[in-house]
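Please read the structure below before turning to the comments.
Residue numbers run from 1 in the order of the sequence given.
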Amino acid sequence: LAQVFKQPYSVSMNQSACTLGSLAPSRFCTCQGVMAAMAPAAKQPPENVEIVFMWGFRDPRRTMLSDYYYERWQGKIHILVEKNFEEWAHWALEHWRKKTAGPYTWLSLLDLGFRPISVALYQYQIRNYLDQGFLPSQMVVYPGNLYVQYRDNLDTNPLLEALRKKIGKSLLRPPPVATTKKDKKHDNTGKHGTLEEELSAEVRAQLEEEIFVPEIKKLMELLAELIGQGLTLVGYSGEGNDVAAVTEYLSGAWVF
């Protein structure tokens, strides 16, 4: 972004807006404002600048559980602190039903309390960039487990290899990560049970029927279509427009 705009950039802690400025980026941002500012570059990129977007996918069910406890541990989102996971899941289902009662967009799902689910509704994130004029060929998607398996090998990491093909073979070679427990620093060391332990069978079934099954189906359909238009799904060797093959691949590769 600094290359594109010739200045530092910042993003607002309010998820609906990002602004160019002098502060560091925040992970809470959905980058609507940044995307809007970058839209002209999508159609006419600055000289010698390659804009590539990367998504790491994890099974949305596991993301929901992990992100709930992470946000609760952070203590910044009131509704996630005051409700246990089962109580929050009931609230999230009601929230979803209200939001999807009429036309809705990614922005309508940005309530921070809904983040453990909305953060993994990847298809809406991707469509935001497409709507701004960016191309599928600028997008690299990788299943999280694939990266984890190769995390300590920068030369053979399939994700880094895919990115280097787009931006240069000599790039993306940071110093090796720490390999000893003493040297490693973890900012999310909380523990939690499995979904089966944390949620009743009734609530799990409702989440599957109303959110995960239909939304994952939309994601797989979108990915299959975009692979045929140049999107890179790291580790996938099938054809574009093959929803069944994309589903089969990701269903295993994004579980970790």
Reported [atom1]-to-[atom2] distance for the pair [X] and [Y], which is rounded to 0.5 angstrom:
| X | Y | atom1 | atom2 | answer |
| --- | --- | --- | --- | --- |
| Glu225 | Asn241 | CD | CG | 7.0 Å |
| Leu130 | Met139 | CG | CE | 4.0 Å |
| Leu223 | Ile216 | CG | CD1 | 11.5 Å |
| Leu93 | Lys98 | CG | NZ | 12.0 Å |
| His78 | Lys83 | NE2 | NZ | 8.5 Å |
| Asp242 | Ile227 | CG | CD1 | 9.0 Å |

### Query
Under a 4.0 Å N-O cut-off, is there an ion pair linking Glu215 with Lys218?
yes
### N-O pairing of Glu161 and Arg164 below 4.0 Å
no
### Query
Are Tyr69 and Glu198 close enough that a side-chain donor and a side-chain acceptor fall under 3.5 Å?
yes
Is any side-chain heavy atom of [X] closer than 4.5 Å to a side-chain heavy atom of [Y]?
| X | Y | value |
| --- | --- | --- |
| Val140 | Trp55 | no |
| Leu159 | Met54 | yes |
| Leu146 | Tyr150 | yes |
| Met64 | Leu199 | yes |

Main chain of [Y], side chain of [X]: is a donor-acceptor contact present, judged purely on distance under 3.5 Å?
| X | Y | result |
| --- | --- | --- |
| Glu87 | Asn84 | yes |
| Ser66 | Arg62 | no |
| Tyr122 | Arg58 | yes |

Would the number of heavy atoms belonging to other residues, nucleotides or ligands and lying under 6.0 Å from [atom1] of [X] be above 12?
| X | atom1 | value |
| --- | --- | --- |
| Gln229 | CD | yes |
| Glu94 | CD | yes |
| Glu82 | CD | yes |

Under 30°, 30 to 60°, or over 60°: which ring-plane class applies to [X] and [Y], parallel, tilted or perpendicular?
| X | Y | result |
| --- | --- | --- |
| Trp88 | Trp91 | tilted |
| Trp73 | Tyr70 | tilted |
| Trp96 | Phe114 | parallel |

#### Entry: Residues clustering with Val81 (ILVMFWY side chains joined when closer than 4.5 Å, directly or via others)
none
### Task
Carefully, step by step, assess Phe134 and Val52 under the rule side-chain contact (heavy atoms from CB on, under 4.5 Å).
CA-CA 9 Å; Phe134 294 101; Val52 178; over 6 Å; no
### Phe57 ring center near Tyr142 ring center (under 6.0 Å)
no
### Message
My understanding is that only residues two or more places apart in sequence, or in another chain, count here; which of them pass side-chain contact (heavy atoms from CB on, under 4.5 Å) with Thr194?
### Response
Glu196, Glu197
### Task
Tell me, please, which residues at least two apart from Ser137 pass side-chain contact (heavy atoms from CB on, under 4.5 Å).
Leu135
### Query
Partners of Glu208 by side chain to side chain donor-acceptor pair (under 3.5 Å), sequence neighbours excluded?
Arg61
### Task
With sequence neighbours excluded, tell me which residues meet ring pair (Phe, Tyr, Trp, His ring centres under 6.0 Å) with Phe212.
none
### Message
With a 4.5 Å cut-off on side-chain heavy-atom distances among I, L, V, M, F, W and Y, is there a chain of contacts connecting Leu121 to Val243?
### Response
yes
### Query
Considering all heavy atoms of both residues, which atom of Leu80 and which atom of Gly113 are nearest to each other, and what is their separation?
CD2-O, 3.7 Å
### Task
Could you tell me which non-hydrogen atom of Leu65 sits nearest to which non-hydrogen atom of Gly193, and how far apart they are?
CD2-O, 3.2 Å
Distance-only check: which donor-acceptor pairs under 3.5 Å involve side-chain atoms of residues 249-256, not counting sequence neighbours?
unit_1 : atom_1 : unit_2 : atom_2 : d
Tyr249 : OH     : Val234 : O      : 2.6
Ser251 : OG     : Thr247 : O      : 2.6
Trp254 : NE1    : Leu250 : O      : 3.4

